[in-house]
Each structure stands twice: as C-alpha cells, then as structure tokens.
Amino acid sequence: MAKKGLFITFEGIDGCGKTTQLENVRKLLEENGIECVTTREPGALKLGSQIREILLHYDGVVADNCEIFLFLADRSQHVETFIKPMLTEGKVVLCDRHTDSTIAYQGYGRGGDVQKLTELNKIATNGLVPDLTLLFDVSVETGHERAGKDLDRLELAGKEFFERTRQGYLTLSRQYPERIKVINAEKSKESVYNDVKSLIMEIAGL
Ligand code: TYD
C-alpha cells in the first residue's frame with residue numbers, strides 16, 4: 001500500500017478524556033493546514049454502526065468470542081473501506097480506539113488470550129499499525145466519575161475489570177514504547193492538551 005498519511009489512535013479506559021483531546025488535535029492540525037479525518041471504533045461506518053448497536057446495547061448474553069469477532073469485524077471493514085483509503089490520500093487519520101482496545105479490554109480485562117488476540121488483530125487490520133498511539137492514563141475512579149452515570153453494557157463490567165484493562169494498556173505501552181505514548185490524564189484538560197500537542201507537533205513535523 002502506498003501509505004502517505006499518518007495514522008494516530010487514541011486509547012484509554014472509559015472516561016479517560018481521549019475524545020475531547022482527539023477533537024483538540026483535529027483543530028490543531030486544521031489550523032496548520034493539515035488535512036485530517038476523525039473516526040472511531042466500534043461503529044464508524046454504516047455496517048459498523050449496526051455492529052456497535054449490538055455491542056453496546058444488546059440486552060442478552062453475548063459470548064466472549066462473539067464479542068471479539070464483532071469488534072474485529074467492525075475493524076476489518078473500517079480499515080479496508082475507510083482508514084487505508086484516507087491514508088493513501090495523504091490524510092491524517094485520528095481514530096478513537098483501535099487494536100489496543102481489543103488487547104486491553106478483551107485480553108487483559110476479560111482474560112482472553114493476548115497472543116491470539118494480537119494475531120486476530122493482524123488479520124483484521126491486514127497488518128496496518130498506527131504511527132502513534134496516545135494512551136490517556138487515568139485511575140478507574142477518575143474514569144468512572146468522568147464517564148458519568150450513563151453506563152452501557154460494557155461499562156457495567158465492574159471496577160476490577162477496568163483495573164485489569166488499565167494495567168493491560170500500561171503493559172502494552174511498555175511493550176511498544178516507540179508507538180504508544182502514555183499521557184497522564186489525571187491532570188487538567190489544558191495540561192493534558194499541552195502534552196498531547198507536543199507529541200502531535202513532533203510527529204506531524206509542525
Ligand atoms: P464508547 O461509547 O465508544 O466508549 P468510549 O467513549 O469510552 O470510547 O464504547 C466503546 C466501548 O467498547 C468501550 O467500553 C471500549 C469497548 N471496546 C472494546 O471492549 N474492545 C474494542 O476492541 C473496542 C474498539 C472497544
């Protein structure tokens with residue numbers, strides 16, 4: 001693939017503030033004349049939004065492997081029909097959650113086989129790897145306070161689950177220190193943005 005753009009993912013447990021920062025980054029890039037698109041997983045596209053509906057709101061039992069394959073199905077469609085074409089056009093793609101979410105949530109959080117999930121991610125993405133991943137690290141307590149009371153099916157999974165997920169993310173950041181940059185997201189929005197901004201300016205060559 002003639003990849004010209006930049007692929008940047010935003011990760012962290014629920015309520016970490018990544019979506020707000022993604023929007024800040026979009027503004028920063030646009031102000032500097034850099035074309036970018038924002039997107040998310042699960043559920044960026046039409047097919048994906050139907051998968052998202054099942055993942056977040058299905059009121060019956062969803063088997064663990066079923067949940068994994070739904071996330072991967074969404075990712076595969078998203079990568080092939082949106083992310084890769086945008087990168088080929090030279091755009092910066094800002095994506096709210098991607099492969100690391102599966103490793104952190106379904107792997108470390110739910111106790112799935114991390115190695116197998118890593119392989120499945122490779123199949124779903126056809127080998128595409130983000131150029132940069134910003135990991136917004138907050139305590140589970142802060143995350144829950146920020147996320148508010150509107151808990152969906154996945155968020156009802158409990159505190160221990162989120163603690164394992166958070167630790168899983170941190171393990172990933174130690175494994176891939178070049179790609180995954182940890183941002184202390186306990187700080188104020190402004191101060192978090194300062195950290196985000198310097199990383200983005202560097203990778204975007206601003
Ligand atoms: P969403 O409402 O988009 O949450 P957030 O704003 O925190 O991103 O819901 C996405 C949920 O799906 C979130 O709890 C994380 C979870 N998720 C996984 O468990 N595995 C995955 O691979 C992805 C992409 C998301």
Side-chain angles (χ1 to χ4, degrees), residues 7-26 38-45 47-58 61-79 82-83 93-114 116-125 128-130 133-169 171-172 180 183 185 189 192:
F7 183 29
I8 304 176
T9 58
F10 292 65
E11 296 278 2
I13 60 170
D14 300 64
C16 66
K18 63 189 165 39
T19 311
T20 308
Q21 296 299 335
L22 185 148
E23 201 39 42
N24 288 341
V25 172
R26 182 185 67 75
T38 62
T39 188
R40 69 169 178 183
E41 290 182 10
L45 307 168
L47 187 152
S49 68
Q50 293 180 15
I51 296 177
R52 181 183 170 90
E53 186 55 33
I54 303 172
L55 279 164
L56 301 189
H57 303 297
Y58 181 67
V61 175
V62 178
D64 285 357
N65 281 345
C66 175
E67 183 182 274
I68 290 166
F69 284 117
L70 286 170
F71 280 118
L72 293 167
D74 170 69
R75 179 160 307 134
S76 165
Q77 178 78 359
H78 190 208
V79 166
F82 186 77
I83 300 175
V93 177
L94 306 176
C95 188
D96 196 335
R97 297 196 181 285
H98 189 60
T99 46
D100 299 312
S101 284
T102 305
I103 305 298
Y105 280 78
Q106 280 66 51
Y108 290 100
R110 286 211 198 287
D113 183 326
V114 168
K116 263 193 206 148
L117 290 169
T118 306
E119 285 306 311
L120 289 170
N121 260 336
K122 271 189 202 152
I123 296 171
T125 59
L128 180 74
V129 178
T133 296
L134 301 179
L135 170 55
F136 295 89
D137 182 52
V138 283
S139 68
V140 174
E141 289 74 17
T142 304
H144 268 146
E145 258 166 47
R146 288 194 195 150
K149 288 195 199 112
D150 190 16
L151 297 178
D152 60 35
R153 202 182 65 77
L154 295 169
E155 287 166 337
L156 290 170
K159 185 170 181 288
E160 293 74 26
F161 167 77
F162 282 104
E163 194 51 60
R164 289 194 299 274
T165 304
R166 179 189 183 195
Q167 294 308 322
Y169 269 127
T171 301
L172 280 169
I180 305 180
I183 289 168
K189 276 184 196 164
V192 171

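Order of appearance sets the numbers: ligands from 1, and atoms from 1 within every ligand.
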Worksheet item: With respect to R166, which candidate in L135, V138, I13 satisfies the side chain to side chain contact (heavy atoms under 4.5 Å, CB included) definition?
Response: I13
Discussion item. If you measure every N or O of Q106 against every N or O of ligand 1, does any of those distances drop under 3.5 Å?
Written reply: yes
Worksheet item: Does an N or O from D14, backbone or side chain, lie closer than 3.5 Å to an N or O of ligand 1?
Response: yes
Worksheet, complete the sentence: Note: heavy atom closest to atom 7 (O) of ligand 1, options R52, R40, H78, R97, belongs to R97
Worksheet, complete the sentence: Among L55, D100, L56, T19, the residue with a heavy atom nearest to atom 9 (O) of ligand 1 is L56
Which of the atoms in ligand 1, numbered in the order shown and given with their element, are less than 4.0 Å from a heavy-atom of [X]?
X	answer
K18	5 (P), 6 (O), 7 (O), 8 (O)
R75	22 (O), 24 (C)
T102	21 (C), 22 (O)

Discussion item. Between E23 and R26, does any side-chain N to carboxylate O distance fall below 4.0 Å?
Written reply: yes
Worksheet item: Does NZ or CZ of R110 fall inside the cone over Y105's six-membered ring, less than 6.0 Å from its centre and within 45° of the axis?
Response: no
Worksheet item: Would you say E67 contacts ligand 1, with heavy atoms under 4.0 Å as the rule?
Response: no
Worksheet item: So do the side chains of I51 and I54 get within less than 4.5 Å of each other, counting heavy atoms only?
Response: no
Item to complete: Decide yes or no for R75 and N121: does some side-chain heavy atom of the first lie under 4.5 Å from some side-chain heavy atom of the second?
Response: yes
Item to complete: Work out which heavy atom in F161 is nearest to a heavy atom in T165; give both atom names and the distance.
Response: O-OG1, 2.7 Å
